[in-house]
Amino acid sequence: MRPGKRNSASAAPQGGIDTDRTVTIEFTTSLAPQVNGRFAPEVTSMKVHPGAVHQINFNVTNLADGARVAQAVPSVSPGLAANYLHKIECFCFNSQDLAAGQTAALPLSFYIDPELPDD
C-alpha cells in the first residue's frame, strides 16, 4: 500500500503483537514555503511492537489572516517500509478546513505489520 492510500475500514492487525521486536518510528513534517502555519507531531519518535495499534496527534495552526484548506501528503522512508505501515485513521485521508488562527490536533492511528522484515 502506498502511504497516501486509505487502508480498508476493517484494517486490523493480523497475527497478534510481536513483543520480541521493537521498531522505532520517527515523525517529521514540512510545510511548503508559501504556507503560513505550523505543523508538527506531538512526539518526534515512538518505539512500537509490530502488530500493536498506536495513535498520535499532529498539531496544525493556521497563521494566515483568512481561512485555509490543507491536505497532508504522507511519505514513508525507506519506501519499502510503506508496505508495512498500516494507517487505520489518518488526517491525511481528508482535507482540513482551518479558520484564521485556528489550531487543531489531527489524529493518526496506525500499526506496523508483524510481517515487517528484519532488515
Side-chain angles (χ1 to χ4, degrees):
M1 163 170 287
R2 291 186 10 228
K5 298 284 184 174
R6 179 188 299 262
N7 288 1
S8 83
S10 63
Q14 299 293 317
I17 298 171
D18 183 351
T19 58
D20 292 334
R21 295 199 306 165
T22 301
V23 176
T24 301
I25 307 293
E26 295 181 353
F27 303 99
T28 62
T29 60
S30 63
L31 292 173
Q34 69 274 16
V35 174
N36 188 7
R38 286 191 299 258
F39 180 55
E42 287 182 336
V43 297
T44 57
S45 69
M46 292 177 77
K47 293 189 181 298
V48 303
H49 295 296
V53 175
H54 296 276
Q55 180 174 324
I56 72 159
N57 288 320
F58 285 72
N59 297 313
V60 61
T61 302
N62 175 11
L63 298 175
D65 292 334
R68 297 288 185 257
V69 176
Q71 177 76 47
V73 179
S75 177
V76 176
S77 180
L80 290 176
N83 296 322
Y84 302 95
L85 172 67
H86 299 286
K87 294 181 295 258
I88 299 167
E89 179 181 341
C90 183
F91 58 89
C92 62
F93 295 156
N94 302 299
S95 60
Q96 308 296 321
D97 296 320
L98 298 166
Q102 181 181 357
T103 295
L106 307 176
L108 167 64
S109 296
F110 71 96
Y111 68 94
I112 302 301
D113 194 313
E115 297 299 317
L116 176 74
D118 289 337
D119 64 344

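Ion pairing between a basic and an acidic side chain is recognised when a charged N comes within 4.0 Å of a carboxylate O; Asp118 and Arg21 show such pairing.
Judged by distance alone, the side chain of Gln55 and the main-chain N or O of Ser109 form no donor-acceptor pair under 3.5 Å. The closest donor-acceptor contact from the side chain of Asn36 to the backbone of Leu63 lies under 3.5 Å. A distance-only check finds a donor-acceptor pair linking the side chain of Gln96 to the backbone of Asn94 [under 3.5 Å]. For Asp97 (side chain) and Val69 (main-chain N/O), no donor-acceptor pair under 3.5 Å exists by modelled atom type. In this structure, the side chain of Asp18 does not engage the main chain of Pro114 through any donor-acceptor pair within 3.5 Å.
Linking ILVMFWY side-chain heavy atoms closer than 4.5 Å, directly or via other members, places Tyr111 and Leu80 in two distinct hydrophobic clusters. Tracing side-chain contacts under 4.5 Å through hydrophobic residues (I, L, V, M, F, W, Y), one never reaches Tyr84 starting from Ile17; they form parts of separate clusters.
In plain terms, the two heavy atoms of Ala99 and Gln102 that are nearest each other are N-OE1, 2.8 Å. Annotation for Glu89 and Pro107: closest pair OE2-CG, 3.5 Å, computed over non-hydrogen atoms. Shortest non-hydrogen contact noted between Ile88 and Phe93 is O-CE1, 3.9 Å. Minimum heavy-atom separation, Pro41 to Ile56: CB-CD1, 4.4 Å.
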**Stepwise side-chain contact (heavy atoms from CB on, under 4.5 Å) test for Leu106 and Asn57** = CA-CA 5 Å; Leu106 307 176; Asn57 288 320; over 6 Å; no
**Prompt:** Can Phe110 and Val53 be said to form a side-chain contact (heavy atoms from CB on, under 4.5 Å), step by step?
**Reply:** CA-CA 6 Å; Phe110 71 96; Val53 175; over 6 Å; no
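More than 12 heavy atoms of other residues, nucleotides or ligands sit less than 6.0 Å from atom CD of Glu42.
Inter-residue side-chain proximity for Val60 and Leu98 is flagged as met; some heavy-atom pair is nearer than 4.5 Å.
By the side-chain contact (heavy atoms from CB on, under 4.5 Å) test, Ala70 is found to be paired with no residue, residues two or more places apart in sequence or in another chain being considered.
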Just list the side-chain donor-acceptor pairs under 3.5 Å for residues 22-35, sequence neighbours left out, or say none.
from	atom 1	to	atom 2	distance (Å)
Thr24	OG1	Lys47	NZ	3.1
Thr29	OG1	Phe39	O	2.7

